[in-house]
Amino acid sequence: MKESNIGENYFYIEPEKARMLLEQSNKMLPDRRGIDRRAYLIDEYAVLSTSRLKLRNVTVPDPDLTYFDELVRTLKKLRERGVLVVPILGYCYDRDSRDGDGYILQERAKGKELYDDAILVKYYAWAQKDPEKVYLSSDADAGAYLISRTEYISKIPQRHFDKFIADIIAICDEDILIDFLGKSNFFYDETIGFQFIDLDSHTDYKYGRSKKKYDSRLICAYDGFAPCHIAAGSEVYAQIALDERVMRGTTKMTQGDKITKLDDDALQKLAEDNRVIYEKCRAAMLANGITKEQIAEVFRKLKLFGVS
């Protein structure tokens, strides 16, 4: 960034500490990456590089970061209420850059990703159709990871699913967008439960681009099944549907990675564990005021792996 015109706004971290973390991150290789971001994990902090800080939801201009500043404060208030969002502590950026080249500093999420997209992308339907657009990669065995991680998620206590759904509703009530396409946007820790990251934009209603405010519970009825795997043929979230042909090894995987082929027993176990997760998500929705009718409406478009 150009030192002559750097904008800084550190809300909940001392400037000296923030600058020290930035200096450290510049000497590191990223621990994670997204479409336009790199994540550098330092102790209990995460430093995120970005090239689009002055844009909300990809296309909404926020040149003075007015919306972003409001979002930072709202996330802090939600956390103080017990909602498990990961607060943003502050940011710095090049004011002269077109879309906002800079860095975001936030707390580091506890635990591990709900599912690591860099591993499971090998199975996602969209990756088979557009392999040249796949920017995530991992050397981990996707088959072994899929089976073991799904089993692990299926054993999470019901109270953590209940809290996950309650937190989705609380976040949506503040007109904050949650990116449910990325399974890595959620972390799970055995002590505190599910946490939400990558919260950096409001809804179109907040920006005046939509006259209708979203129904938080209906959104949750669609998106609260994020801990589940999507099946081929789903009308919603078809991009991250599991491609069973690839899992079985009956079709050549376009990315060319070596993975363990899943036999009938493994696929049956995956389906059974996914049904357990579905049942816990559904119970949590009902406990949080989402109706059976809303859930039924969702399943006219949503198809989950192993759930009929």
Would you check if the side chain of [X] reaches a backbone N or O of [Y] as a donor-acceptor pair within less than 3.5 Å?
{"X": "S25", "Y": "V47", "answer": "no"}
{"X": "N288", "Y": "A284", "answer": "yes"}
{"X": "D64", "Y": "T66", "answer": "no"}
{"X": "K183", "Y": "P227", "answer": "no"}
{"X": "S97", "Y": "S51", "answer": "no"}

Spell out, yes or no, whether [X] and [Y] are grouped together once hydrophobic residues are joined by side-chain heavy atoms under 4.5 Å, including indirect joins.
{"X": "I240", "Y": "L304", "answer": "yes"}
{"X": "I165", "Y": "I178", "answer": "yes"}
{"X": "V86", "Y": "V83", "answer": "no"}
{"X": "L181", "Y": "I171", "answer": "yes"}
{"X": "L218", "Y": "I295", "answer": "yes"}

Qualifying residues under side-chain hydrogen bond (donor to acceptor under 3.5 Å, both in side chains), relative to [X], sequence neighbours excluded:
{"X": "T50", "answer": "D36"}
{"X": "D173", "answer": "S216"}
{"X": "Y237", "answer": "D223"}
{"X": "Q195", "answer": "none"}

task = Evaluate the criterion side-chain contact (heavy atoms from CB on, under 4.5 Å) for residue pair C172 and I168; output intermediate values, then yes/no.
result = CA-CA 6 Å; C172 290; I168 291 174; 4.1 Å; yes
Once side chain to side chain contact (heavy atoms under 4.5 Å, CB included) is applied, do any residues pair with [X], and if so which ones, sequence neighbours excluded?
{"X": "K155", "answer": "E151"}
{"X": "S234", "answer": "I230, V236, L302, K303"}
{"X": "D198", "answer": "R37, D179, N185, D200"}
{"X": "D175", "answer": "T203, Y205, K206, K213"}

Would you call [X]-[Y] a salt bridge at under 4.0 Å N-O?
{"X": "D167", "Y": "K163", "value": "yes"}
{"X": "R73", "Y": "D69", "value": "no"}
{"X": "K77", "Y": "E174", "value": "no"}
{"X": "D215", "Y": "R217", "value": "no"}
{"X": "R56", "Y": "D62", "value": "yes"}
{"X": "D162", "Y": "K280", "value": "no"}

task = Could you go through the side-chain contact (heavy atoms from CB on, under 4.5 Å) check for R300 and E297 one step at a time?
result = CA-CA 6 Å; R300 286 193 282 270; E297 178 183 340; 3.4 Å; yes
Grab the two heavy atoms, one from [X] and one from [Y], that are nearest each other, plus how far apart they are.
{"X": "I290", "Y": "A221", "result": "CG2-CB, 3.9 Å"}
{"X": "P61", "Y": "L55", "result": "CA-CD2, 4.2 Å"}
{"X": "L78", "Y": "A170", "result": "CD2-O, 4.1 Å"}
{"X": "A266", "Y": "I147", "result": "O-CD1, 3.5 Å"}
{"X": "R79", "Y": "V85", "result": "NH1-O, 2.7 Å"}
{"X": "R149", "Y": "L114", "result": "NE-O, 3.0 Å"}

Could you grab the distance from atom [atom1] of [X] to atom [atom2] of [Y], nearest 0.5 Å is fine?
{"X": "L71", "Y": "H202", "atom1": "CG", "atom2": "NE2", "value": "4.5 Å"}
{"X": "L48", "Y": "Y91", "atom1": "CG", "atom2": "OH", "value": "14.5 Å"}
{"X": "I169", "Y": "I219", "atom1": "CD1", "atom2": "CD1", "value": "10.0 Å"}
{"X": "S148", "Y": "K269", "atom1": "OG", "atom2": "NZ", "value": "9.5 Å"}
{"X": "R32", "Y": "I197", "atom1": "CZ", "atom2": "CD1", "value": "9.0 Å"}
{"X": "C92", "Y": "I6", "atom1": "SG", "atom2": "CD1", "value": "6.5 Å"}

Can you give the donor-acceptor pairs under 3.5 Å from side chains of residues 11-20 to other protein atoms, not counting sequence neighbours?
residue : atom : partner : partner atom : Å
R19     : NE   : E8      : OE2          : 3.1
R19     : NH2  : E8      : OE1          : 3.0

ask   = Do the side-chain N and O atoms of T150 and D273 include a donor-acceptor pair separated by under 3.5 angstrom?
value = no
Per the ring pair (Phe, Tyr, Trp, His ring centres under 6.0 Å) rule, what does the pair list look like for [range], sequence neighbours excluded?
{"range": "residues 166-186", "value": "F164-F186, F180-F186, F186-F196"}
{"range": "residues 139-160", "value": "H160-Y188"}
{"range": "residues 287-308", "value": "F225-F299, Y278-F299"}

request  = Determine whether the aromatic ring centres of Y207 and Y67 lie less than 6.0 Å apart.
outcome  = yes
query = How about Y123 and H229: are their ring centres within less than 6.0 Å of each other?
reply = no
task = Could you go through the side-chain contact (heavy atoms from CB on, under 4.5 Å) check for Q294 and V298 one step at a time?
result = CA-CA 6 Å; Q294 287 175 315; V298 165; 5.8 Å; no
task = Test F68 against S201 for side-chain contact (heavy atoms from CB on, under 4.5 Å), laying out the working first.
result = CA-CA 7 Å; F68 193 59; S201 182; over 6 Å; no
